[in-house]
Structure formats: C-alpha cells, structure tokens
Amino acid sequence: MKILSMSTATNNLSVALNDGAKIITEKNEFDQRNHSGHLDPLIDEILKENDLSLAEIDRFAVAIGPGSYTGLRIGVTTVKMFASILHKDVAGISTLQALAASCAEKDTLIVAGIDARNDNYFAGAYVNKEDDLGPECVIPDGHYHIDTLLSAVAEYCANNNLENVIYVGTGFEKQKEAIKKTNIPFSFGTEKQNVVHGGLIGKLTLNAQPDDPDQLLPNYLRRTQAEIDWHKKTGEAYKPDSNYVEEV
Amino acid sequence: MVHKKDIRILAFESSCDETSTSVVKNGREVESLIVATQIKSHQRFGGVVPEVASRHHIEVITQITKEALSEAKVTWNDIDAIAVTYGPGLVGALLIGVSAAKAASMATGIPLIGVDHIMGHIMAAQLKEEITYPALALQVSGGHTEIVLLKDPTHFEIVGDTRDDAAGEAYDKIGRVLGVNYPAGKTIDEWAHQGKDTFDFPRAMIKEEDYDFSFSGLKSAFINTYHHAEQINQKLNKYDLAASFQAAVIDVLATKTIRAIKQYQPQTFIMGGGVAANHGLRDRMNQEIKNLPQNMRLKVILPELKLCGDNAAMIGAAAYNLYQEGKFADLTLDADASLELPYASEMLQ
C-alpha cells in the first residue's frame with residue numbers, strides 16, 4: 001500500500017512516501033515558515049523521483065493536530081482535496097503521537113509536546129507496547145500548563161511504576177528545573193526526534209481508521225480566543241460549527 | 001465554420017467570510033455558484049474574526065467543490081482551468097482556497113490560475129454584459145474603495161484609493177453605534193431611504209484634484225454627533241442619521257468617479273464590491289451618468305446584486321481573461337494578504 005503522508009503542523013515541513021510500514025523516502029524542510037508555497041512542490045518532487053502519479057497513491061495521511069492552526073489547515077486541506085477528488089483513503093494522525101513514535105524506548109513514558117508559549121504546551125503522553133502498533137496514548141492530547149502536565153506525568157509514573165521519561169518536541173528544555181522537581185529520571189529527545197516526521201505518520205496510519213475526507217478537520221485542541229471571550233460574556237453554549245455556516 | 005471550444009473554469013474564493021465555488025463558462029456564463037456564508041458565526045463577535053473564518057472555510061471546502069461540479073452537471077474532465085483568489089484578504093482564509101485549488105490542480109492535472117480578488121469583483125460585470133475597453137470601475141467594499149482604470153481585460157491600474165477606512169467599513173462601524181448587526185450596509189441603505197440628509201456630515205476630500213477618498217473623518221463625525229446627543233439625552237432620528245451618512249458617502253464617491261470618467265473617458269463604467277449593491281449609490285451613479293454631456297455617454301454595468309458580495313463566479317470570470325492570455329500559476333502559488341493592483345503612474349508621483 002502506497003501512502004503519501006505529510007506534516008505542516010510545525011516549522012518542520014515533512015513529506016514522505018511509504019510502502020506499507022517501509023519508508024521509501026522522506027523529505028524535510030527544517031525551520032520552514034512558508035508551508036503553502038513549499039508543500040505542493042515537495043510532494044511533486046517525491047512523486048517524480050519515484051515515477052508515481054497522485055492517482056497511484058492508495059492512502060493520504062496528515063498530521064491532524066495539534067500544531068500551528070494555519071499550518072495544520074494547509075496540510076489538511078491538501079489531503080482532503082486529494083482524497084475527495086481521487087476517491088482514496090485519508091487518515092489524520094495526532095501530531096503528538098507522530099512525535100512520540102520517534103522514540104523506541106519501552107518501559108518509558110514519552111511526553112510529546114509543542115510549545116504553546118507562556119509555559120503552556122499542546123501535549124500528550126505515550127508508551128510503547130509490545131505490539132508494533134505505534135505508541136499508545138496514556139495522557140490525552142490537550143492544552144496544558146507545564147505544572148498540570150508535570151503532575152499528570154508524575155501521577156502516571158507512580159501508578160504504573162515507570163522510572164524513565166522522555167520529553168520530545170519543542171520548548172521542553174527551558175522547563176528543565178521544573179521537570180527535575182518531579183524526581184523521575186528523564187531525558188530530552190534528540191534533534192531528529194524533536195521534529196514531526198512524515199514517514200512516521202505514514203507508518204501510524206496503517207493502524208488508523210480512514211476518515212471521510214469531508215469530515216476530516218484539524219484537531220486544534222483549543223477554541224479561538226474570540227469564542228472563549230464570547231462564551232464568557234454571554235454565557236451562551238457553544239454550538240456545532242454547522243449551525244453558523246449556511247449556503248445562500 | 002470552426003467550432004470554438006467552450007472554456008470552463010472551476011473557481012474558488014475564500015478571502016474573507018464566504019467560502020465559494022463556481023463553474024463559469026467562457027468567462028460569461030455562471031453554470032453553478034455555491035456560496036457558504038459564515039455571517040451568523042461572526043455576528044456573535046460583531047465582525048469577522050480571522051481564525052474563526054479560516055476554521056469555517058476548511059469545514060465546507062470539499063463539499064462545495066463537489067456541489068459546484070454537480071450543479072453545473074460537469075465532471076473534472078470538462079474543466080479547463082482551476083482558478084483561485086490568492087489575495088488580498090485574510091491570509092489564513094485565503095490559504096484554504098489556495099491550498100484546495102492547488103491540490104485539485106495536482107490531483108487532476110488541470111492548470112491553475114491565481115486571481116486578484118479586486119480584479120474578480122470588477123469582473124462580476126462581465127457576467128452581466130460584455131465590457132468595452134478602456135473601462136473605469138468604482139470598487140467599493142468593506143475592505144476597499146478604489147477607482148480602477150481597465151486598459152484591457154487583464155491590465156488594471158488604480159487611479160484613486162481610500163487613505164484610511166473603506167466605505168463599507170465605515171458603514172459597519174456606524175452600524176455598530178446604531179445597534180445594527182454586521183454587515184450593516186443593507187439596513188443603513190434601507191433606513192437612508194426613509195430619512196433626510198439633515199446632519200450635513202463632512203464630505204472629505206471632495207474638492208481635492210486627486211481621486212482618493214477618506215471616510216475616517218465622516219465616521220468620527222457621525223459617532224461624535226450620536227454620542228453627544230446621547231449625553232444630553234437627546235434622541236436622534238435614526239433614519240435621518242442614516243440618510244445623512246449615506247449622502248456624505250455617496251456624494252464623495254459619485255463626485256470623484258464622475259470627475260475620473262471625464263478625465264479618462266472610458267467606454268464602460270463598472271461598479272463592483274459589496275457596496276455596489278447599495279441602492280442609493282446605484283441610483284445616484286445611474287443619474288449622474290445620464291447627466292453627462294452627450295459625447296461622454298458610456299455603457300454602465302452594475303453587477304447583479306447577488307454577485308456584488310464575495311463569490312467565486314466573479315473569480316471564474318476574471319480567470320477566463322487570464323486564461324486567454326496564458327497567465328497560469330504554478331504549485332508555488334501562495335496567498336498574498338496585501339496583494340494590490342498596480343497604481344497608475346500619475347498616482348506614484
């Protein structure tokens with residue numbers, strides 16, 4: 001099964017071609033701030049190098065979030081359109097699960113996170129199981145203050161007798177002092193592990209349920225500030241987005 | 001007789017709070033037009049919130065693409081080009097259309113055309129009637145107030161521009177003061193027809209030689225008048241307020257546009273943009289043009305009301321002209337939030 005997978009969730013633009021679990025090729029543009037101008041040319045390059053057309057791809061996969069809101073929408077829109085037009089499978093993979101998948105350690109809590117500024121993180125925690133289905137989520141992906149995240153980590157480790165934690169992703173090294181206070185041995189991901197890899201998204205999608213391209217949407221993990229403020233001010237309940245958009 | 005092949009363009013528009021797709025034949029005929037509007041959502045906040053807009057765009061993009069094709073009773077095989085607005089507008093919002101159009105182009109092998117949103121608004125006129133060049137356009141919306149000279153179907157130059165607020169923006173801001181929900185233009189227009197111009201608000205820059213506008217002073221004068229009356233517990237007639245505000249806007253727009261028509265002597269006059277749906281402005285421009293000397297009479301094209309607001313059909317119309325000149329985009333096409341038509345050389349002096 002040929003899988004084309006991509007991440008536009010962070011500064012690292014990554015596109016990969018997998019044949020099943022095998023990564024055939026992966027291209028990365030580190031510190032790329034213009035995903036819109038670069039994503040399609042990178043896809044095109046990979047297809048040409050492998051003498052493939054988009055129509056020969058069996059499944060499209062994308063980092064669904066969390067991550068940069070604008071970045072996520074570029075990748076998600078692209079795969080939605082590919083899958084919708086070509087009638088192919090599409091699957092969204094948690095950006096954090098993809099980060100965790102770069103760590104092979106067993107009996108270790110893998111905390112994957114993206115710096116959301118002001119000591120907040122989009123983060124989740126994962127563990128590798130004996131099977132090869134990819135890391136399993138044990139602390140759900142969410143928007144956490146570092147203190148909340150670290151107490152959840154400490155609690156999980158205590159309850160599950162884990163004595164090793166890896167922090168992978170962005171912005172964790174500046175929390176070194178706070179992390180030390182958890183009194184659990186820890187390490188940080190390597191430079192290579194700290195970026196989201198398209199090839200790992202491709203691998204993870206093998207065990208994911210395909211999504212309906214029309215329904216595939218970024219997993220932002222946070223409402224917009226405008227909605228939060230509106231909710232506070234008016235006390236009105238959040239309604240599904242479909243209540244607000246109408247064809248005229 | 002050589003049969004000329006029909007050119008069909010599938011167009012995307014997502015620059016602000018409408019997600020739209022359309023199939024347009026030969027740049028003139030709308031075969032389908034889908035517009036998903038988010039107005040209800042942004043009314044919660046009193047105006048368009050960019051991040052909310054972007055989130056709504058991506059929710060509907062694949063569905064409305066399929067609908068545009070099925071409503072036009074065509075398939076991808078019938079499409080000759082894919083067009084998309086790449087600016088100006090809200091960058092996050094534009095990126096949905098741009099990403100979708102590029103992905104569609106890659107998936108189908110159909111060539112891609114990037115369209116300037118303003119060029120699109122002006123080309124809504126082409127969907128009504130053939131334009132004779134040179135033409136002059138008054139482009140008025142919530143984001144723009146410009147007088148544009150059309151040398152030919154693809155070469156446009158700005159000859160006049162607003163120095164601060166756009167006319168439509170001023171409507172929304174005074175609408176908010178009057179308790180009218182965004183977008184306020186339609187209601188203010190209706191009220192204006194029931195009132196009289198009694199407040200004599202300033203007509204900024206009406207006497208200046210150039211074709212530039214300013215609506216920020218008018219907006220402030222209106223708000224000050226309203227708040228002052230409130231402080232002394234005086235109730236002002238909202239119809240007269242609306243009529244006075246609208247008269248000030250239209251006076252300046254009409255006076256400067258007529259002066260530009262006299263200077264540039266175009267063959268066609270066009271209006272475009274959301275405010276081009278304003279009845280007061282449409283009536284006034286029609287009247288002013290009727291009053292022109294015989295030798296200056298020109299064709300007037302006021303687009304259909306439903307094509308004044310943001311829609312993909314106008315993008316398909318403009319894209320057809322670019323198609324004819326082989327002006328295609330490649331996969332590096334990116335959103336350009338501050339894209340501008342070129343300014344006429346006399347404006348740069």
Side-chain angles (χ1 to χ4, degrees), chain A residues 8 34-45 47 53-55 57 60 68-86 88 90 212-218 220 222-227 229-231 233-234 236 239-248, chain B residues 14 17-20 34-67 76 86 91-109 112 306 309 311 330-335:
Chain A
T8 50
N34 179 354
H35 291 333
S36 165
H38 289 250
L39 173 63
D40 291 335
L42 203 56
I43 294 171
D44 196 46
E45 207 178 297
L47 290 172
S53 73
L54 271 183
I57 301 294
F60 298 99
S68 143
Y69 300 156
T70 297
L72 290 173
R73 281 188 291 264
I74 292 169
V76 174
T77 302
T78 301
V79 296
K80 269 167 85 82
M81 292 299 288
F82 284 167
S84 173
I85 294 170
L86 298 168
K88 296 296 173 71
V90 65
D212 173 353
D214 291 345
Q215 303 302 324
L216 185 76
L217 292 174
Y220 303 104
R222 240 169 101 73
R223 289 187 186 277
T224 62
Q225 198 57 47
E227 287 170 297
D229 294 345
W230 165 81
H231 174 70
K233 201 175 117 193
T234 63
E236 281 187 52
K239 289 179 209 143
D241 287 333
S242 53
N243 282 35
Y244 297 116
V245 182
E246 55 187 353
E247 285 187 16
V248 288
Chain B
S14 68
D17 59 346
E18 254 100 25
T19 331
S20 179
I34 315 293
V35 181
T37 180
Q38 314 170 354
I39 285 180
K40 271 190 181 170
S41 179
H42 299 289
Q43 279 177 341
R44 291 178 291 175
F45 320 117
V48 179
V49 176
E51 175 60 22
V52 174
S54 305
R55 291 186 179 196
H56 287 317
H57 286 307
I58 194 173
E59 288 164 12
V60 298
I61 194 74
T62 49
Q63 293 95 312
I64 68 168
T65 304
K66 288 183 279 193
E67 284 172 38
W76 288 104
Y86 71 105
V91 68
L94 288 164
L95 278 170
I96 303 302
V98 169
S99 302
K102 289 202 296 182
S105 172
M106 281 186 89
T108 59
L112 181 71
K306 66 166 189 172
N311 68 84
D330 64 25
L331 295 180
T332 61
L333 181 71
D334 197 2

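Order of the sequence lines fixes the chain letters, A, B, ..., with proteins taken first and strands second; residue numbering starts at 1 for each chain. Computed from heavy atoms alone, side chains included, the values below leave out hydrogens, waters and symmetry copies.
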K.L.:
Can you tell me which portion of B/Val60 sits under 4.5 Å from chain A's heavy atoms? Options are side chain, backbone, both or neither.
P.N.:
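The side chain, not the backbone.
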K.L.:
Looking at A/Asp214, A/Val245, A/Thr224, which makes the most heavy-atom pairs under 4.5 Å with chain B?
P.N.:
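Option with the top pair count is A/Asp214.
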K.L.:
Heavy-atom pairs under 4.5 Å with chain B are the metric here; pick the option from A/Glu227, A/His35, A/Gln225, A/Lys239 that has the most.
P.N.:
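Looking at each option in turn, the highest pair count goes to A/Glu227.
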K.L.:
Can you say whether B/Glu67 sits under 4.5 Å from chain A via the side chain, the backbone, both, or neither, judging by heavy atoms?
P.N.:
side chain
K.L.:
Against chain A, work out which of B/Ser99, B/Gly92, B/Gly109, B/Ser20 has the most heavy-atom pairs shorter than 4.5 Å and name it.
P.N.:
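Of the candidates given, the most pairs with chain A belong to B/Ser99.
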K.L.:
Rounded to the nearest 0.5 Å, what's the gap from CG on B/Asp334 to CG on A/Leu39? Could you check?
P.N.:
11.0 Å
K.L.:
Any salt bridge linking B/Glu51 with A/Arg73? Criterion: basic side-chain nitrogen under 4.0 Å from a carboxylate oxygen.
P.N.:
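The answer is yes: the pair qualifies as a salt bridge.
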K.L.:
To the closest 0.5 Å, what do you measure between OG (B/Ser105) and CE (A/Met81)?
P.N.:
10.5 Å
K.L.:
Under a 4.5 Å cut-off applied to non-hydrogen side-chain atoms, are B/Thr65 and A/Ser84 in contact?
P.N.:
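A side-chain contact under 4.5 Å is absent here.
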K.L.:
Heavy-atom distances under 4.5 Å only: say whether B/Lys66 touches chain A with side chain, backbone, both or neither.
P.N.:
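Interface part for B/Lys66: side chain.
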K.L.:
With respect to chain B, which residue among A/Ile43, A/Asn243, A/Asp241 yields the maximal number of heavy-atom pairs within a distance under 4.5 Å?
P.N.:
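Maximum pair count with chain B is reached by A/Asp241.
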K.L.:
What's the separation between atom NZ in A/Lys80 and atom CD1 in B/Ile96, rounded to the nearest 0.5 Å?
P.N.:
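Between A/Lys80 NZ and B/Ile96 CD1, I get 9.5 Å after rounding to 0.5 Å.
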K.L.:
What part of A/Asn34 is in contact with chain B, defined as an atom under 4.5 angstrom from a non-hydrogen atom: side chain, backbone, both or neither?
P.N.:
side chain
K.L.:
What I'd like to find out is whether the side chain of B/His42 reaches to under 4.5 Å of the side chain of A/Tyr244, using heavy atoms alone.
P.N.:
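With C-beta onward as the side chain, the pair stays apart.
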K.L.:
Most heavy-atom pairs under 4.5 angstrom with chain B, which of A/Thr78, A/Leu54, A/Thr77?
P.N.:
A/Thr77
K.L.:
Give the intermediate values and the outcome of side-chain contact (heavy atoms from CB on, under 4.5 Å) for residues B/Ile64 and A/Glu247.
P.N.:
CA-CA 9 Å; B/Ile64 68 168; A/Glu247 285 187 16; 3.7 Å; yes
K.L.:
Under the salt bridge (charged side-chain N to carboxylate O under 4.0 Å, His left out) test, which residues partner B/Lys102, sequence neighbours left out?
P.N.:
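If we apply the salt bridge (charged side-chain N to carboxylate O under 4.0 Å, His left out) test to B/Lys102, skipping adjacent residues, the hits are A/Asp40.
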K.L.:
Between B/Arg44 and A/Thr234, does a side-chain contact (heavy atoms from CB on, under 4.5 Å) hold up when you go through it step by step?
P.N.:
CA-CA 10 Å; B/Arg44 291 178 291 175; A/Thr234 63; over 6 Å; no
K.L.:
Looking at B/Val98, B/Thr37, B/Asp17, B/Thr19, which one has more heavy-atom pairs under 4.5 Å with chain A than the rest?
P.N.:
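Most heavy-atom pairs within the cutoff with chain A belong to B/Thr37.
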K.L.:
Identify which part of B/Thr108 has an atom lying under 4.5 Å from any heavy atom of chain A, answering side chain, backbone, both or neither.
P.N.:
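Only the side chain of B/Thr108 comes within 4.5 Å of chain A.
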K.L.:
Answer with side chain, backbone, both or neither: which region of B/Val35 has an atom nearer than 4.5 Å to a non-hydrogen atom of chain A?
P.N.:
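For B/Val35, backbone and side chain are both near chain A.
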K.L.:
Looking at chain B, which one of A/Thr70, A/Leu217, A/Val79 has the largest number of heavy-atom pairs inside 4.5 Å, strictly under?
P.N.:
A/Leu217
K.L.:
Over all heavy atoms of both residues, which pair between A/Ser36 and B/Ala335 is shortest? Give the atoms and the distance, please.
P.N.:
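Heavy atoms only, the tightest pair is OG-N, 4.3 Å.
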K.L.:
Please state whether the side chain, the backbone, both or neither of B/Leu333 comes within less than 4.5 Å of a heavy atom of chain A.
P.N.:
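Backbone only.
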K.L.:
Answer with side chain, backbone, both or neither: which region of A/Ala55 has an atom nearer than 4.5 Å to a non-hydrogen atom of chain B?
P.N.:
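For A/Ala55, no heavy atom lies under 4.5 Å from chain B.
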K.L.:
Is B/Ile58 close to chain A through its backbone or its side chain, or both, or neither, when contacts mean heavy atoms under 4.5 Å?
P.N.:
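Contact with chain A: backbone and side chain both.
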K.L.:
What residue in B/His57, B/Gln43, B/Arg55 has the most heavy-atom pairs under 4.5 Å with chain A?
P.N.:
B/Arg55
K.L.:
What are the two closest heavy atoms between B/Ala107 and A/Leu86, and how far apart are they?
P.N.:
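Closest pair (atom of B/Ala107, atom of A/Leu86, distance): O-CD2, 3.6 Å.
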K.L.:
Nearest 0.5 angstrom please: A/Asp44 CG to B/Thr332 OG1, how far?
P.N.:
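The CG atom of A/Asp44 sits 11.0 Å away from the OG1 atom of B/Thr332.
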